Amino acid sequence: MDIPSKYNPELVEDKWYKYWMDKGFFHSEPDERTPYTIVIPPPNVTGVLHMGHMLNNTIQDILVRRARMLGMNACWVPGTDHASIATEAKVVNKLKNEGIDKYDLSRDEFLNHAWEWTHKHGGIILEQLKKLGASCDWDRTCFTMDEARSESVIKTFVDLHNKGLIYRGVRMVNWDPSAKTAVSDEEVIYKEVQSKLYYLKYMIEGSDNEFVTIATTRPETILGDTAVCINPNDERFQHLKGKRVLVPLINRSIPIIEDEYVDMEFGTGCLKITPAHDIHDYEIGITHNLESIDIFTDEGTLNEKAQLYVGQDRFEVRDVIVADLDKAGNVAKIEDYTNKVGYSERTDVVIEPKLSTQWFLKMEELVKPALENVMNDNIQFHPAKFKNVYRHWMGNIKDWCISRQLWWGHRIPVYYLDNGKFVVAENDAAALEEARKLTGDANLTMDALRQDEDVLDTWFSSWLWPISVFDGVRNPDNKEVEYYYPTNDLITGHDIIFFWIARMIITGYEYRQQFPFKNVYFTGMVRDKQGRKMSKQLGNSPDPIDLMKIYGADGVRIGMLFCSPAGGDLLFDESLPEQGRNFSAKIWNAFRLVKNWEVDANIPQPEHARIGIEWFTEKLKEITATMNDHFDKFRISDALMTVYTAVRDEFSSWLLEIVKPEYQKPIDKKTYDEVINLFDQVLRLLHPFMPFITEELWQMLEERKDGESIMVAEWPAANDANTALVNNFESLKETISGLRKIRKDKNIPNRDQIELMIHAAEGSYFEEFNEVLKKMGNLSSISLVNEEVKGAISFRVKASEFYVPLNDLIDPEEELKKLEEELKYTQGFLNSVMKKLSNERFVQNAPEKVVTIERNKQADAELKIKMLEERINSLKG
RNA sequence: GGGCGAUUAGCUCAGUUGGUUCAGAGCACUUGGUUUACACCCAAGGGGUCAUAAGUUCGAAUCUUAUAUCGCCCA
């Protein structure tokens, strides 16, 4: 076989992905096997693959591939999310660049543009996932706005409304003046900004020189003031009670009210109240029955109610009004001030608190089972610390504002009549029927109905995802949802625990009386080496596609996982995929070594090879068991590290070196076949992490039939490893390391044979491994002795002592120094052991196993000390 | 201000319900190596008072309390 000396991922990856697709390995249909289901966290339809997706989807693919190899019916459902705000913003922007204003278009015209955009860009990210090797069932690809999903969303709205859980209310919302929509609390990012605290004087009504001073960061809002508030306990302001003040510039008379909400320490202790533009002021306004004067337009400019600066932007007005106030003598002072200001996650403009009519979902009852079943571990979080965060949020839940003032999304199925009443229905026809019933007018036509202009929050569709992808909302009893739901694992970032995870759990219990997934695995954020978030502005995010071209998809996959514990942030650096690429090369080269051996069926298997294979066979069971344990506990990084070191150290450096025939000599058939078999097993353990290279090698390892694939090969068994053999072998390795150290210290070339004499003790020297010891140590002979050997360099493994006779090369002083250091250490060790053993309470209270271990330590240490002392005396003598 | 979490080797982090030589891994570092699979490698090494202090225990990186520093969420 002609094997290229270097692994070239580009020649391999597309080929095997196509093979897997052609053979239908990714596709799942319900059958009698146990299902293993994951639904993808649907990426944003306008998005392109970034490093966060890479991490997240690599983990999903690993879990799905392993489940498949374990014989489960694995189904990974892919799809995308319509992302109302982000997509609409992009489409609006694109139209703007073409000279088209959104508001010159009809709703339908705009939606046509949005769909066009979606069809053009919507599939990109899914195609990119294929490069990563994602084994999604592409036949099941869903979109939150396709027909089945859309109908599910509308049906759910109607149902929740009928249950009395959806209501219309006026609330202070987070208004995004750029997107012209309300956004949820979770979509507001608070940033620390350098601003100013303005101290403004308000004249007291009926007086020419008396005034109160208030402090504000937002002087432009004074035009909406409807009161000034003091703390009733504040001694300084007792004389103001019951008086009124004049709003500067417009001279509106407003009352001085009293409320303990006012912090006497902050600012001047006098607070201006602007109920329409601050959430706390709004609440005080309600308590004190104050008027709300909304001075802003939806675009964030001032309206006629402000009286001044009408039509100007809120931030422009801030500068202008301060100058005017100063001129008018109302500015007492201006201080630098650092505060936190909310910005829209989507458009990055400053959020304006605004009174607005919106649709809300009552959460109080809905969250109960969702909270309970996380706290009692029916749903498990990995890592579990996120339970606390979850409990805190769910315990302080507020009603969910589900309407958005946008066009792209699911239009709210509420139809208004002229008389202000409304009906809620799944479609126009049903709405008309309802309306006719409501009005008693059988001749009513659609013209009399006006559908709500707003759409639903995107999360109101994605919270149905684990159900709706199996069409379980429209058809709750269908075969697919019955089979695949609940799903097994959800892999997602902890940043959307409330947006999405909590809400999916809520719908799971509301609509299927069951959790949507058994486990939630939280990934951390991918950051750059300095710990900064990856962002376009910083330009610190590499393009995953480029990375895969350079390092191979497998290399990038494992690079992402090398340092990625659950929930912890991943500090990405290009050395990681590089390490992954290097590992691919290592496996490739191991394969080249094995496949290039000349096989001779006529020679018998040497003893050292027999031992090596027997050992590795057992070791592999242990490795598999360790990996299984890591997987069970969602320690994906640890599972990878286990197989990584297994390949590098145990397989390549030990097994292959042990069985490797002498230069230019053939290998016996038995050993060869067994090594091929072990290689096959190792590739299987690697496959979930590195699907491409493992398939390539597995196909070349032996003759394969069309339709065979490592993807559907069985996961290796882990039962009943011979742990005694494996442990004994560790002593052998230690002995060989000891010999290597001597060679290094004394500059003895590896090709020169040396002699070894052993003063053996039980449990640390095993004669049955002699052939391996001889080969790996390049020994001319091994002999047993009963006493110390003079003129030799020695080392100890546990209680056995090993001697290499090297008269000429020994430096007695150096040897003595080493021996004395070792003696000192061992004596110290013995002391600590004896301290424990002489403590009666330890012997009485500690488990017997622990005591026995300490006794063994004592015996070993005593024996070792005796040998060391003999050596030292003999060298001195 | 309220809550949650973290602090272990130069860096990033494990440490599984307190007990095997338990102080670990990977990377980085030092030294040696043209042993023909691999320098994208191999071998051998150095490196930490487990943030600090007190406590519980026969025994603490692990449990308790306080302090310091940092991070996240909420206000």
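Throughout, protein chains are lettered first and strands after them, A, B, ... in sequence-line order, and every chain is numbered starting at 1. Values in this document were obtained by computation on a predicted structure and should not be read as measured data.
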Of B/C58, B/G32, B/C41, the nucleotide closest to the side chain of A/K744 is B/G32
Value in whole Å for how far the C1' atom of B/C58 lies from CD of A/E854: 11 Å
Go through the N and O atoms of the side chain of A/Q579 and the base of B/A28, and report whether any donor-acceptor pair is under 3.5 Å. no
Before accepting this row, confirm whether a basic side-chain N of the pair A/K619/A/E622 lies closer than 4.0 Å to the acidic partner's carboxylate O. yes
Do A/F651 and A/F679 make the cut of ring centroids closer than 6.0 angstrom? yes
Grab the CD-P distance between A/E650 and B/C42 for me, whole Å please. 13 Å
Distance in angstrom units between A/I497 CD1 and B/C72 C1', rounded: 12 Å
For the pair A/E730 and A/K798, find out whether any cationic side-chain nitrogen is under 4.0 Å from an anionic carboxylate oxygen. no
Atom OH of A/Y7 and atom C1' of B/A37: how far apart are they, to the nearest Å? 17 Å
Is there a Watson-Crick or G-U wobble partner for B/U64 with both distances under 3.5 Å, and if so, which one is it? B/A54
In whole Å, I'd like the distance from the CZ atom of A/R391 to the P atom of B/C73. 19 Å
Under a 3.5 Å cut-off for both distances, is B/U69 Watson-Crick or wobble paired, and to whom? B/A6
For the residue pair A/F381 and A/F522, categorise the inter-ring angle as parallel (less than 30°), tilted (30 to 60°) or perpendicular (more than 60°). perpendicular
Side-chain contact test, heavy atoms from C-beta onward, threshold under 4.5 Å: evaluate it for A/F572 versus A/D528 and give yes or no. no
How are the rings of A/F591 and A/W588 set to each other: parallel, tilted or perpendicular (split at 30° and 60°)? tilted
Could you check which nucleotide pairs with B/G1 in any of the strands shown, counting Watson-Crick or G-U wobble with both distances under 3.5 Å? B/C74
OP1 or OP2 of B/C40 less than 4.0 angstrom from a side-chain nitrogen or oxygen of A/R581, does that happen here? no
May I ask you to say what A/S652 touches in the nucleic acid, namely base, sugar-phosphate or nothing, with a heavy-atom cut-off under 4.0 Å? base
Rounded interatomic separation in angstrom, taking NZ from A/K849 and P from B/G18: 14 Å
Examine B/A43: is either OP1 or OP2 under 4.0 Å from a nitrogen or oxygen in the side chain of A/S737? Give yes or no. no
For a quick check of understanding: with a heavy-atom distance under 4.0 Å over all strands, which category does A/K586 fall into, base, sugar-phosphate or nothing? base
Name the residue closer to the 5' end of RNA chain B, choosing between A/D745 and A/P847 according to the nucleotide with the nearest heavy atom. A/P847
Any N or O donor-acceptor pair under 3.5 Å from the base of B/U57 to the side chain of A/R841? no
Under 4.0 Å: is that the gap between some side-chain N or O of A/K385 and OP1 or OP2 of B/C73? no
N or O in side chain of A/N582 less than 4.0 angstrom from B/C41 OP1/OP2: yes
What is the nucleic acid contact for A/R743, judged by heavy atoms within less than 4.0 Å: base, sugar-phosphate only, or nothing? nothing
Paired with B/U31: which nucleotide, if any, by Watson-Crick or G-U wobble criteria at under 3.5 Å for both distances? B/A43
Could you state the CG-P distance from A/D573 to B/G10, rounded to the nearest angstrom? 19 Å
Please report, rounded to the nearest Å, how far the P atom of B/A43 is from the NZ atom of A/K746. 22 Å
Nearest-nucleotide comparison on RNA chain B, the residue closer to the 5′ end among A/F829 and A/F583: A/F829
